[in-house]
Amino acid sequence: MNSRERGGIFFRLIFLAAFLGLLFVLYLVRAPVLRLAGEFWVVDDGARNSDAIIVLGNDDFSAPRAAHAAELFRAGWAPRIVASGPMLRPYASIAELMERDLTDRGVPREAVVRFAHSASNTTDEAMALERFVVARGWHRILVVTSNYHTRRSRFIFRRVFPSSVEVRVVPAPDPAYDPRNWWHTRTGKKVFLYELAADCVAHWELRNAGAH
């Protein structure tokens with residue numbers, strides 16, 4: 001074996017050792033990195049006195065969105081809650097179920113505004129709500145949705161709503177998604193990957209949109 005061959009083997013061994021070392025470091029820091037990635041989807045603008053609290057549809061079985069909206073209402077952040085939800089049948093909607101979720105948690109029925117719509121995604125729901133909110137003359141709203149859904153919702157609502165309406169997004173803790181260890185459960189991984197894809201689609205669809 002000549003010196004050139006020995007040198008080539010030596011450098012390949014160094015490269016392999018460096019590569020294995022990199023993999024080992026990534027293994028050691030995987031939890032903090034994955035936790036940071038999971039927390040990226042969660043934003044919290046904080047509650048502020050508003051004209052209405054809007055609860056986005058498709059809540060989980062235990063209704064965490066409605067529960068958190070009820071807490072904000074009882075704290076006095078807004079005089080009413082808009083229960084937003086798509087139609088299930090020509091005679092029934094998720095908004096009706098959400099109204100029950102809210103009244104069961106102490107929100108007076110007269111403080112609940114049902115908003116049934118035909119939207120099949122967050123962008124369409126935001127567009128429908130934009131017309132509803134502007135028609136009511138509201139200038140400040142709190143949007144309550146699941147924690148993992150907050151970053152995408154804020155992007156969409158602030159693109160769709162006029163600049164005259166202040167949109168603040170508040171996360172509801174969701175039993176299906178813990179941003180600190182989402183990769184430990186099948187559901188958590190599905191939620192994370194779905195949100196990644198949905199966020200890309202929202203940015204693509206609204207790339208030319210802006211506050212008006």
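Hydrogens, waters and symmetry mates play no part in the numbers below; they use all other heavy atoms, side chains included.
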- Task: Identify, with sequence neighbours excluded, every residue that meets side-chain contact (heavy atoms from CB on, under 4.5 Å) alongside A111.
- Result: F73, V107, P108

- Among L72, T150, D45, find the one that has a side-chain contact (heavy atoms from CB on, under 4.5 Å) with V170. L72

- Gap between atom CE of M98 and atom OG1 of T103 - 0.5 Å precision: 12.0 Å

- Query: Counting only heavy atoms not in H139, do more than 12 fall under 6.0 Å of its NE2?
  - Reply: no

- Query: Which distance, rounded to the nearest 0.5 Å, do you find between the CZ of R152 and the OH of Y194?
  - Reply: 5.5 Å

- Query: Say you draw a straight line from NE2 of H117 to CG of L129; how long is it, rounded to the nearest 0.5 Å?
  - Reply: 6.0 Å

- Item | Under the side chain to side chain donor-acceptor pair (under 3.5 Å) test, residues paired with R105 that sit two or more places apart | none

- Value for CG (D101) from CD (E96), rounded to nearest 0.5 Å, stands at 12.0 Å

- Task: Of all the heavy-atom pairs spanning V113 and F132, show the shortest one and how long it is.
- Result: CG1-CZ, 3.7 Å

- With rounding to the nearest 0.5 Å, note down the distance linking CG in D174 to CG in D59. 8.0 Å

- About how many Å separate OG1 of T145 and CZ of F157, when rounded to the nearest 0.5 Å? 8.5 Å

- Item | A78 to I53 - nearest heavy-atom pair and separation | CB-CG1, 3.6 Å

- Query: If every non-hydrogen atom of M87 is compared with every non-hydrogen atom of S93, which pair is closest and at what distance?
  - Reply: SD-CB, 3.5 Å

- Hey, can you tell me if Y177 and Y148 have their rings parallel, tilted or perpendicular (30° and 60° cut-offs)? perpendicular

- Atom of A95, atom of A83 and distance for their closest heavy-atom approach: CB-O, 3.3 Å

- Do you know which two heavy atoms are closest between L142 and S50, and how far apart they sit? CG-OG, 3.3 Å

- Message: Determine whether F155 and L206 satisfy the following criterion, side-chain contact (heavy atoms from CB on, under 4.5 Å), listing intermediate values before the conclusion.
- Response: CA-CA 9 Å; F155 169 76; L206 298 173; 4.1 Å; yes

- Message: Under the criterion side-chain contact (heavy atoms from CB on, under 4.5 Å), I'd like the reasoning laid out for W138 against V165: C-alpha separation, chi angles, the key distance, then a yes or no.
- Response: CA-CA 7 Å; W138 296 339; V165 179; 6.0 Å; no

